[in-house]
> 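Dumping the structure here so I can ask a few things about it.
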Amino acid sequence: DGGITQSPKYLFRKEGQNVTLSCEQNLNHDAMYWYRQDPGQGLRLIYYSQIVNDFQKGDIAEGYSVSREKKESFPLTVTSAQKNPTAFYLCASSISTESPLHFGNGTRLTVT
Amino acid sequence: AQSVTQLDSHVSVSEGTPVLLRCNYSSSYSPSLFWYVQHPNKGLQLLLKYTSAATLVKGINGFEAEFKKSETSFHLTKPSAHMSDAAEYFCVVSDPRYGGATNKLIFGTGTLLAVQP
């Protein structure tokens, strides 16, 4: 079955450590996205990539980094510079940037 | 500027009764509008979308939404709630100035729907 796989489902880290969240898709989609979800708020775009080897900052990119070396993969690194990293992170993909989003099941990151 | 407001953060209905989740948008242009559903600890799933064709849009699982330009609303309805409908629902608007680009989506803050037996 085609879909988006995010791993791990739950992730715990100590403050000051970088952590990388995995996102893999086998939908053959060109565009991929990372969103952050906090309670009582809508989703906020962190980074997106329209094509391999290209990515753009979203609305809240500070403290995050990404890479897009392969079409299927779009890992997100939460760096120690991110002041409030505890959140639910959602990866999504779409055929193009005008097509609806398909979401993974998310990674819940807790930093203490 | 584009914006979207979900008027209720929580809605509770009894199984078998109608569902109404309210969404108002603000846009200087004719936007594209979407409803997504999120079950606990899951990603979002597209329920339906409006892209300037028919104003009454039918989605999956018996949901539908009506685009009312005069009221700047895009409310989500379902005639009869089922227990499996309990989830969080997001109204989303995209800015047509950007060709409806997905990276320009604006998400509402969500409405949590509870369905009582």
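Just so it is clear, the values below take in all heavy atoms, side chains as well, and ignore hydrogens, waters and symmetry mates. Keep in mind the model is a prediction, meaning the values are calculated, not measured. To find a chain, count down the sequence lines: A is the first, B the second, and so on, and within it residues start at 1.
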> For each of A:Q37, A:Q56, A:R44, A:H102, tally heavy-atom pairs with chain B at distances under 4.5 Å, and name the one with the top tally.
A:Q37
> Identify the heavy atoms of B:G43 and A:L90 that sit nearest to each other, and give their distance.
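Minimum heavy-atom contact is CA-CD2, 3.7 Å.
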> Is there a path of hydrophobic side-chain contacts, each under 4.5 Å between heavy atoms of I/L/V/M/F/W/Y residues, joining A:M32 to A:L21?
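Same hydrophobic cluster.
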> Group every Ile, Leu, Val, Met, Phe, Trp and Tyr by side-chain heavy-atom contacts under 4.5 Å, then state whether A:I46 and A:L109 land in the same group.
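Linked, A:I46 and A:L109 end up in one cluster.
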> Relative to chain A, which of B:T51, B:V4, B:N41 shows the most heavy atom pairs under 4.5 Å?
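Of the candidates given, the most pairs with chain A belong to B:N41.
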> Determine whether more than 12 heavy atoms belonging to other residues, nucleotides or ligands lie under 6.0 Å from atom NZ of A:K9.
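Buried by this count: over 12 neighbours within 6.0 Å.
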> Within the side chain of B:K42, is there an N or O that forms a donor-acceptor pair under 3.5 Å with the backbone of A:G104?
no
> Can you get from A:L43 to B:Y89 by hopping between Ile, Leu, Val, Met, Phe, Trp and Tyr side chains that sit under 4.5 Å apart?
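Different clusters.
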> Give the cluster check for B:Y25 versus B:L47: same hydrophobic cluster or not, with ILVMFWY residues linked at side-chain heavy-atom distances below 4.5 Å.
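In one cluster: yes.
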> CG/A:D59 to CD1/B:I106 distance, rounded to the nearest 0.5 angstrom?
8.5 Å
> By a 4.5 Å heavy-atom criterion (distance strictly below it), what part of A:Y10 contacts chain B: side chain, backbone, both, or neither?
side chain
> Is there a continuous path of hydrophobic side-chain contacts, each under 4.5 Å between heavy atoms, that joins B:L48 to B:F67?
yes
> Taking it one step at a time, do A:L101 and B:L105 satisfy side chain to side chain contact (heavy atoms under 4.5 Å, CB included)?
CA-CA 10 Å; A:L101 296 168; B:L105 293 179; 3.6 Å; yes
> Once rounded to the nearest 0.5 Å, what's the spacing between atom CD of A:Q41 and atom CZ of B:F107?
13.5 Å
> Less than 4.5 Å to any heavy atom of chain A: does that hold for the side chain of B:Q38, its backbone, both, or neither?
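For B:Q38, side-chain heavy atoms alone lie under 4.5 Å from chain A.
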> So for B:L44, is it side chain, backbone, both, or neither that comes closer than 4.5 Å to the heavy atoms of chain A?
both
